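First up is the structure itself, then whatever we jot down about it.
Predicted, not measured: the structure shown is a model, and the values here were computed from it.
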Amino acid sequence: MRSARKGTCKSLGLALTLVAAATSAVAQNGPVKLGVLTDMSSLYADNGGNGSVVAAQLAVDDFKGRVLGREIQIVAGDHQNKADIGSVIARRWLENENVEAILDVPNSAVALAVQGITRDKKKLFLATGAATSRLTGDECSPTGIHWTYDTYALSQGATKAISKLGAKTWFFLSADYSLGAQLEADSRKVIDATGGKVVGAVKHPINTPDFSSFLLQAQASKADVIALADAGGDFINAVKQAGEFGVTRGQKLAGLIVFIADIHSLGLPSAQGLMLSSAFYWDLNDETRAWSKRFIAKTGKVPTMIHAGTYGAVMHYLKAVEAAGTLDGPTVADKMRELPVNDFMTRNGKIRQDGRLVRDMYLFRVKSPEQSKYRFDYYELLATIPGDEAFKPMEEGGCPFLKKS
């Protein structure tokens, strides 16, 4: 009996060893997987969603589909704007499915959770869709790259510009989670610095269908500007309902994080005159138009700054992997910081030690229907904001790992 048991145990041990060896071989020789974790079905689906998957695949195609002799594969997941669901997907990808980098994540609460997981696992997080500036502040990571924009840069552009036009008093209508809180906090600093005053604020739950009570509070404040510190479907609903309540007859609306997909949904009659900051506009120059034409041909939709940023982040990551000769997360992150960023969206961009990609931002005004001459002709460029002015100085961010380096 003992001999039989010993034989069984040896066989089981050998089987487990063979399984482990096979799993390791797949990890080392199988496809290089990049995970696009996004909102596929809710209020950010048009800004990220399947468009981010398409943008990532365009970058893989342009890189000829292979790196370090291995096929590159894009996988996708829907975080449903819930940090617990996003965390489960991220952990499964990294621990069981050999995903090397996670991208997009257009929800700040989910992004902060993913940043913590990838930091612990020493894997890349390329935050192309999240906004909170905490990703390069108190929640920074040696393997986290904040790519497209952040709450600080967006508030700097829109809030400063509107203050210069004479706005003195402000009321905040903010989404009740990380994005809204950070947008409001960063914008308040700009308002204080320009001599303005915040006369009131109210928070609304994410995915709010009825803004009536919030808008009535904003209207009663008689503030010069109602600042919308929300995004996607929430922003669209707030703007539409503000028009229905007649709020815009006496007060200005300021969108602190606005995507061109939002403007398309609203239509120019509702959105005309709105000033906004953005990291990208499809019609900015010949290169942006050429890439956007490819994206539109595949999706039928105008690309947002998240889509353009996702393409750029994937391309830069693959260049860094090739240059480093490894998929090791910290090594690739260091190489990404070392290499300058140049593509149709970014010129001579630089990734700082805290993970912030420093690049130019733009200030736009939404055109009137009469000014628009062709499909998706929505923006008028007002100013280019140099990256060093647009983003918070690294020494002011509070990134803890910098003190150890």
**Report entry** Shortest non-hydrogen separation from Ile102 to Ala90 and the atoms involved
**Finding:** CD1-CB, 3.7 Å
Query raised in the report: Could you go step by step and tell me if Lys197 and Trp170 meet the side chain to side chain contact (heavy atoms under 4.5 Å, CB included) rule?
Result: CA-CA 6 Å; Lys197 183 181 179 182; Trp170 296 70; over 6 Å; no
Query raised in the report: Does the Arg337 side chain pair with the main chain of Gln353, one donor and one acceptor, at a distance under 3.5 Å?
Result: yes
Query raised in the report: Where the side chain of Thr169 meets the backbone of Ala223, is there a donor-acceptor pair that is under 3.5 Å apart?
Result: no
Query - Residues Ser108 and Ser178: side-chain donor-acceptor under 3.5 angstrom - result: no
Report task. May I ask you to say whether Glu184 pairs ionically with Arg188, meaning some side-chain N is under 4.0 Å from a carboxylate O? Result -> yes
Query raised in the report: Among pairs that include at least one residue of residues 320-347, which meet ring pair (Phe, Tyr, Trp, His ring centres under 6.0 Å), considering only residues two or more places apart or in two chains?
Result: Phe280-Phe344, Trp291-Phe344, Tyr311-Phe344
Query raised in the report: Ion pair present between Lys203 and Asp230, side-chain N to carboxylate O less than 4.0 angstrom?
Result: no
Report task. Decide if atom CG of Asp388 counts as having more than 12 heavy atoms of other residues, nucleotides or ligands within a radius under 6.0 Å. Result -> no
Query raised in the report: Could you give the distance from CD1 (Ile306) to CD1 (Ile260), rounded to the nearest 0.5 Å?
Result: 13.0 Å
Query - Plane angle bin for Phe214 and Phe211 - parallel if under 30°, tilted between 30 and 60°, otherwise perpendicular - result: perpendicular
Query raised in the report: Any sub-3.5 Å donor-acceptor pair from Thr208's side-chain atoms to Asp210's backbone N or O?
Result: no
Report task. Please assess Arg289 against Asp283 for the test salt bridge (charged side-chain N to carboxylate O under 4.0 Å, His left out), listing each intermediate value before the final yes or no. Result -> CA-CA 5 Å; Arg289 282 187 286 271; Asp283 204 14; 3.0 Å; yes
Query raised in the report: Would you call Phe171 and Val198 a side-chain contact if the rule is heavy atoms closer than 4.5 Å?
Result: no
Query - Within-4.5 Å side-chain heavy-atom neighbours: Asp39 and Asn107 - result: no
Query raised in the report: Charged N to carboxylate O under 4.0 angstrom, Asp354 versus Arg352?
Result: yes
Query raised in the report: Within the side chain of Ser155, is there an N or O that forms a donor-acceptor pair under 3.5 Å with the backbone of Tyr152?
Result: yes
**Report entry** Partner of Glu100 under salt bridge (Lys or Arg N to Asp or Glu O under 4.0 Å), chosen from Lys33, Lys123, Lys121
**Finding:** Lys123
Report summary line: Distance col, row Arg347:CZ vs Glu287:CD, nearest 0.5 angstrom, shows 4.0 Å
Report task. For a side-chain contact (heavy atoms from CB on, under 4.5 Å) with Arg356, tell me which candidate from Leu135, Asp150, Ile145 qualifies. Result -> Asp150
Query raised in the report: Side chains of Thr151 and Ser133: is there a donor and an acceptor less than 3.5 Å apart?
Result: yes
Requested in this report: Might you confirm whether atom NZ of Lys122 has over 12 heavy atoms from other residues, nucleotides or ligands at distances under 6.0 Å?
Outcome: no
Query raised in the report: About how many Å separate OG1 of Thr248 and CD of Gln251, when rounded to the nearest 0.5 Å?
Result: 9.5 Å
Query raised in the report: Side chains of Asn207 and Ser42: is there a donor and an acceptor less than 3.5 Å apart?
Result: yes
Query - Donor-acceptor under 3.5 Å (Tyr379 side chain, Leu276 main chain) - result: no
Report task. Classify the ring geometry between Phe364 and Tyr362 as parallel (under 30°), tilted (30 to 60°) or perpendicular (over 60°). Result -> tilted
Requested in this report: Check for a donor-acceptor pair, side chain of Asp262 on one end and backbone N or O of Phe259 on the other, with a separation under 3.5 Å.
Outcome: yes
Query raised in the report: Given Val239 and Leu228, is the side chain to side chain contact (heavy atoms under 4.5 Å, CB included) satisfied, shown in steps?
Result: CA-CA 9 Å; Val239 173; Leu228 303 176; 3.7 Å; yes
Report task. Can you label the angle between the Trp147 ring and the His316 ring as parallel, tilted or perpendicular, going by 30° and 60°? Result -> tilted
Query raised in the report: Taking atom types as modelled and ignoring hydrogens, do the side chains of Gln241 and Asn237 form a donor-acceptor contact shorter than 3.5 angstrom?
Result: no
Requested in this report: Go through the steps for Ser52 and Asp104 under the test side chain to side chain donor-acceptor pair (under 3.5 Å), then give the verdict.
Outcome: CA-CA 7 Å; Ser52 291; Asp104 194 5; 2.8 Å; yes
Requested in this report: Please name the pair of heavy atoms, one in Gln219 and one in Phe245, separated by the smallest distance, quoted to 0.1 Å.
Outcome: NE2-O, 3.8 Å
Query raised in the report: So, His307 side chain and Asn47 main chain: donor-acceptor pair closer than 3.5 Å or not?
Result: yes
Query raised in the report: Would Ser41 and Asp78 count as having a side-chain donor-acceptor pair, cut-off 3.5 Å?
Result: yes
Query - Non-neighbouring partners of Ser141 that pass side-chain contact (heavy atoms from CB on, under 4.5 Å), sequence neighbours left out - result: Gln115, Arg119, Thr143
**Report entry** Heavy atoms of other groups near Lys350 NZ, more than 12 under 6.0 Å
**Finding:** yes
Query raised in the report: After noting the C-alpha distance and the side-chain angles of Thr38 and Val105, does the key distance pass the side chain to side chain contact (heavy atoms under 4.5 Å, CB included) rule?
Result: CA-CA 5 Å; Thr38 188; Val105 195; over 6 Å; no
Requested in this report: Would you indicate whether the side-chain heavy atoms of Gln156 and Asp186 approach each other to under 4.5 Å?
Outcome: no
Query raised in the report: Who passes side-chain contact (heavy atoms from CB on, under 4.5 Å) against Ala324, sequence neighbours left out?
Result: Thr326, Thr331, Lys335
Query raised in the report: Does Asp176 use its side chain to pair, donor to acceptor, with the backbone of Pro205 at less than 3.5 Å?
Result: no
Query - Test item: Thr136 side-chain N/O and Gly355 main-chain N/O as donor-acceptor pair under 3.5 Å - result: no
Query raised in the report: Salt bridge between Glu380 and Arg365, side-chain N to carboxylate O under 4.0 Å?
Result: yes
Requested in this report: Could you tell me whether the side chain of Ile296 reaches within less than 4.5 Å of the side chain of Lys301, counting heavy atoms only?
Outcome: no
Query raised in the report: Ignoring hydrogens and geometry, is there a side-chain-to-backbone donor-acceptor pair from Arg359 to Met345 under 3.5 Å?
Result: yes
Query raised in the report: If we ignore angles and hydrogens, is there a donor and acceptor under 3.5 Å between the side chains of Thr384 and Asp360?
Result: no
Query raised in the report: Would you call Asp138 and Arg134 a salt bridge, using N to O less than 4.0 angstrom?
Result: yes
